[in-house]
Amino acid sequence: MGQNMQLAEEIRKRQDAILKDWMAYQVSALTLRRDLVKESELRETSRQFLELFSEAIGVSTDTSSPSWKPVKDSLAEISQKRAAQGFSPSETATFVLSLKQPLFDLVQQRVGQDGKRLADMLWEFTKLLDHLGLYTTEVYQESREGVISRQQQELMELSTPVVQLWDEVLALPLIGTLDSARTQVVMENLLQRVVETGARIAIIDITGVPTVDTLVAQHLMKTVAATRLMGADCIISGIRPQIAQTIVHLGVNLNDIVTKATLADAFEVALARLGATVSKAASTS
Amino acid sequence: MERIPILKMGPYLLVTIQVDMHDRVAMTLQDELTQRIVSERARGVLLDISSVDVVDSFIGRMIGNIASMSRVLDAETVVVGMRPAVAITLVELGLALPSIRTALNVDAGMTLLKSARKMAGNGRPAR
């Protein structure tokens with residue numbers, strides 16, 4: 001403990017020198033993105049981090065102890081910011097890892113020629129900084145994953161538009177693969193719109209669905225069944241020749257569902273059921 | 001005990017479920033509805049479930065049973081006003097209820113019953 005306190009005191013005393021060295025390493029590192037971060041800003045961040053670091057090391061060298069929480073919070077903040085700015089993981093981790101060199105210099109000056117103690121202390125510091133580096137990468141990855149899942153969510157909402165074709169006729173052009181999560185969103189959107197518009201017929205167009213396997217077929221049938229329970233009829237359109245072949249080869253039973261080759265055909269059926277007709281206007285010339 | 005009212009509308013019966021469908025309530029409804037169909041000589045049943053927001057497999061089966069029973073008694077059942085969440089739940093439970101008729105609201109259900117009677121033609125002598 002006493003040794004730690006001394007070390008912390010030392011770091012605090014020589015903070016300016018360490019900071020200068022550290023900055024030099026960070027700036028000289030090939031991975032520094034000058035286009036993304038200003039040097040003055042980096043200096044300020046580094047100074048704050050070094051302060052927290054020296055405080056924490058005075059209490060313990062175990063990064064899982066509560067005294068390291070402020071350091072980790074600050075690191076997490078830096079990491080999240082860099083992830084959002086578009087830094088790569090190694091660029092982000094370099095921030096902490098480049099602190100090794102100045103700290104090793106410090107240790108060497110303190111311990112001098114005592115080989116065993118030098119090795120012990122270096123090992124201690126390496127462990128510490130490696131932990132922090134790994135933590136940085138972890139946070140970086142987490143925030144990137146957060147971005148990805150948010151984009152997925154947005155994409156999902158964008159990709160399931162329900163359009164009104166006619167009074168009481170809705171169309172749902174599906175584009176992309178259908179998985180369980182997406183079917184759920186599609187179903188909810190469609191049923192909600194059925195309630196809002198009082199539609200009697202819904203046309204699900206699968207022209208944009210690249211493959212139909214048993215699972216996709218099952219999802220489609222679920223959607224059709226749920227729509228029927230709401231009191232609206234479903235027509236599936238846009239079945240391409242290859243997909244028709246696949247469906248039969250897989251033994252999927254779509255007999256209970258009205259299927260049409262094109263959206264136009266399905267629309268015609270829908271109009272006929274509603275008792276409406278569309279015809280070309282007589283030429284006026 | 002809670003009871004579900006059964007209203008007579010011309011040749012049809014209207015059942016609006018507004019209470020929580022406990023198992024006991026559902027069984028009572030089954031009893032009373034079949035009795036009323038016979039005593040009123042009803043030709044159709046409108047089952048309005050627009051205020052039901054929670055269903056389980058029992059209630060799902062119950063709705064199917066009611067529909068089958070009334071069909072045996074020559075009264076067509078139309079389930080109306082099912083909420084989206086309820087429809088999804090029933091499908092996920094594997095209860096797509098393929099044999100029952102459905103409509104978006106009471107209005108549409110009534111139209112459906114009337115047209116179904118016309119289609120059925122002269123199955124029974126007119127009253």
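Note that these values count all heavy atoms, side chains included, but never hydrogens, waters or copies made by symmetry.
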- Message: Closer than 3.5 angstrom, by distance alone: can the side chain of B:Thr102 be matched with the main-chain N or O of A:Arg228 as a donor-acceptor pair?
- Response: yes
Under a 4.5 Å heavy-atom criterion, the part of residues 231-253 of chain A in contact with chain B comprises A:Gly231
For B:Ala42 and B:Ala75, the nearest pair of non-hydrogen atoms, with its separation, is O-CB, 3.6 Å
**OP:** Please examine the side chains of A:Leu191 and A:Thr227, heavy atoms only from C-beta on, and report whether any two atoms are closer than 4.5 Å.
**Re:** yes
Scanning both residues in full, the closest heavy-atom pair of B:Lys8 with B:Leu13 reads CA-CD2, 4.0 Å
Between A:Val96 and A:Thr136 the two heavy atoms that sit nearest each other are CG2-OG1, 3.8 Å
query: Are side-chain heavy atoms of B:Val80 and B:Asn105 found at a separation under 4.5 Å?
result: no
Applying a strict 4.5 Å limit to non-hydrogen atoms, the region of B:Ile63 in contact with chain A is neither
Item to check | A:Thr92 (side chain) donor-acceptor with A:Thr137 (main chain) under 3.5 angstrom | outcome: no
- Looking at side-chain heavy atoms only, is the closest gap between B:Val78 and B:Met110 below 4.5 Å? no
Within residues 84-93 of chain B, contacts to chain A at heavy-atom distances under 4.5 Å involve B:Pro84, B:Ala87, B:Ile88, B:Leu90, B:Val91, B:Glu92
With sequence neighbours left out, the residues meeting side chain to side chain contact (heavy atoms under 4.5 Å, CB included) with A:Thr262 are A:Ala264, A:Asp265
Does any part of the side chain of B:Met62, heavy atoms only, come nearer than 4.5 Å to the side chain of B:Gln30, both counted from C-beta? yes
Between B:Arg3 and B:Glu32, does at least one N-O distance fall below 4.0 Å, as a salt bridge requires?
yes
So, the part of A:Val224 with a heavy atom under 4.5 Å from chain B: the answer is neither
Could you tell me whether the side chain of B:Ser39 and the main chain of B:Gln35 form a donor-acceptor pair under 3.5 Å? yes
On a heavy-atom basis, the closest approach of A:Arg182 and A:Asp179 is N-OD1, 2.9 Å
B:Arg43 side chain vs B:Leu113 backbone, donor-acceptor pair below 3.5 Å: no
Among residues 197-216 of chain A, those lying within the under-4.5 Å heavy-atom range of chain B are A:Gly198, A:Ala199
